[in-house]
Amino acid sequence: MPHLHLESFHPIALPCVEGDVAFDFMATSRGEWKESLIATRYKDREFFILHKKSGEKDLLKSDKITRPSPNFLVKHTLLAYAKCSNSTILASNVDTAGENVHLKTHDALKSVDFFADNFPSGQEIRLEVGFGSARHLLHQAITNPDVLFIGLEIHKPSIEQALKQITIQNLTNIMILDYDARLFLEFVPSNSLSRIYVHFPVPWDKKPHRRVIGDSFVDEAIRTLEIQGRLELRTDSENYYRFALETYSHPPYVSFEVHKNRDIAITSKYEDRWKKMEKNIYDVTLINDLQSPEKILEGDFVFTETGIHDGILPTLERQLFRREWGFLHAEASFDIREGGWMVRLAMGSFDRPEHLYLIVQNGQARYFPSLPVRSSPNLKAHLLLNELLHG
Ligand SMILES: C[S@@+](CC[C@H](N)C(=O)[O-])C[C@H]1O[C@@H](n2cnc3c(N)ncnc32)[C@H](O)[C@@H]1O
């Protein structure tokens, strides 16, 4: 992580501009443990840089929640602040190399906002959940060049490996997303997928509630699959196979197929391992028979116009509000030197919480650095927050 060790930290008068970087305001944590966040703008990006004391050292680095990428941005803005404040740099791991214009983020790697804002359409779409080594995903994409494949994974090394292969093999019909499959289906329009592959999911025999496949996943799979669309589970776990059969039996509008030890065109690392151990492999495929209505997510992230008074802050500070849809946690609070206050929030679903800031200045609230992802737990957390802010 890029950082500067300064001889001493000089808070400067804000707002202030240094070249192409603007510093807007400074927020300092309330309570004993002090850190200051400096709101920073570079072109159309907003984020915080962070000052904190580490023993006797004054460190300037990026804030984890709002950290921009590539790293060049962090380095560039840290050096801009040091220059602006006339600070002496004692030590640094920051080089002064310019922006590498060739260093682009990988085209295939998408953010969840990409899907939430404008889900792809106009071609057949298949989804693979937990693609692991990506052997199956790559094989399918190569053999079906007209189909768009969306690969979901939460294991970063697997994502990097898949992106590398996508580049080497020059594939343009795969989109990769680092996101929990149990939450992703919410962003998928109804009747839009032809297949959902779930191959060798973690069995979670002792914690079945953590399995990818469960009642709400199956309901969402039925909604998002087109008619005759297939949810394909392949597993070596007898427990998972029985569990899936039972789960698939609940919804009225589906049929399903079961196969034992059926060969498919490509085997994954897991499959090779289980076959060597002479384990049985089960396929349980749900076939959707239902045309589903479009899912409408009610609400937005607008705050009520009526002014928010400063007496609200103590009622929020460090409070955790748990609800059946998820939670809202005011993790830390800050005073803004130029007027107003700020709260670091975690909110939304327990499985994939959103981390961001709430800024209140002149009685008006806004999220920083951007709005939460438009998911139903986030919209509900926003409603709760808006209610709390207005007493
Ligand atoms: C046992 S591996 C199987 C990988 C691959 N499908 C195969 O057959 O080799 C399960 C994979 O699912 C991923 N995974 C687990 N839970 C997930 C979730 N909720 N959403 C997306 N991926 C998940 C894990 O990171 C892991 O890579």
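What's counted below: heavy atoms across the whole structure, side chains too, no hydrogens, waters or symmetry copies. Just so it is clear, the model here is predicted, and its values are computed rather than measured. One-based numbering, in listed order, for ligands and for the atoms of each.
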A.B. asks: Please work out which of the three classes, parallel, tilted or perpendicular, describes the rings of Phe25 and Phe48, given edges at 30° and 60°.
C.D. replies: perpendicular
A.B. asks: Short N or O contacts of ligand 1 with protein, under 3.5 Å, listed by atom name?
C.D. replies:
unit_1: ligand 1; atom_1: 6 (N); unit_2: Gly130; atom_2: O; d: 2.8
unit_1: ligand 1; atom_1: 6 (N); unit_2: His199; atom_2: O; d: 2.8
unit_1: ligand 1; atom_1: 8 (O); unit_2: Ser268; atom_2: OG; d: 3.0
unit_1: ligand 1; atom_1: 9 (O); unit_2: Ser268; atom_2: OG; d: 3.2
unit_1: ligand 1; atom_1: 19 (N); unit_2: Asp180; atom_2: OD1; d: 3.0
unit_1: ligand 1; atom_1: 20 (N); unit_2: Ala181; atom_2: N; d: 3.0
unit_1: ligand 1; atom_1: 25 (O); unit_2: Glu153; atom_2: OE1; d: 2.8
unit_1: ligand 1; atom_1: 27 (O); unit_2: Glu153; atom_2: OE1; d: 3.4
unit_1: ligand 1; atom_1: 27 (O); unit_2: Glu153; atom_2: OE2; d: 2.5

A.B. asks: Starting from Trp341, walk the hydrophobic network (Ile, Leu, Val, Met, Phe, Trp, Tyr; side-chain heavy atoms closer than 4.5 Å) and list everyone else you reach, by chain and number.
C.D. replies: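 Same cluster as Trp341: Leu297, Phe301, Phe303, Ile308, Ile312, Leu313, Leu316, Phe321, Trp325, Leu328, Val343, Leu345, Met347, Leu356, Leu358, Val360, Tyr367, Leu371, Leu379, Leu384, Leu385, Leu388, Leu389.
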A.B. asks: Does the ring-ring contact (aromatic ring centres under 6.0 Å, His included) test come out yes or no for Tyr197 and His136, once each step is laid out?
C.D. replies: CA-CA 9 Å; Tyr197 302 105; His136 179 261; 4.6 Å; yes
A.B. asks: About how many Å separate CZ of Arg182 and CG of Leu152, when rounded to the nearest 0.5 Å?
C.D. replies: 12.0 Å
A.B. asks: Parallel, tilted or perpendicular: which fits the ring planes of Phe119 and Phe184, with parallel below 30° and perpendicular above 60°?
C.D. replies: tilted
A.B. asks: Fit a plane to each ring of His76 and Phe72, take the angle between them on a 0 to 90° scale, and name the class: parallel (under 30°), tilted (30 to 60°) or perpendicular (over 60°).
C.D. replies: parallel
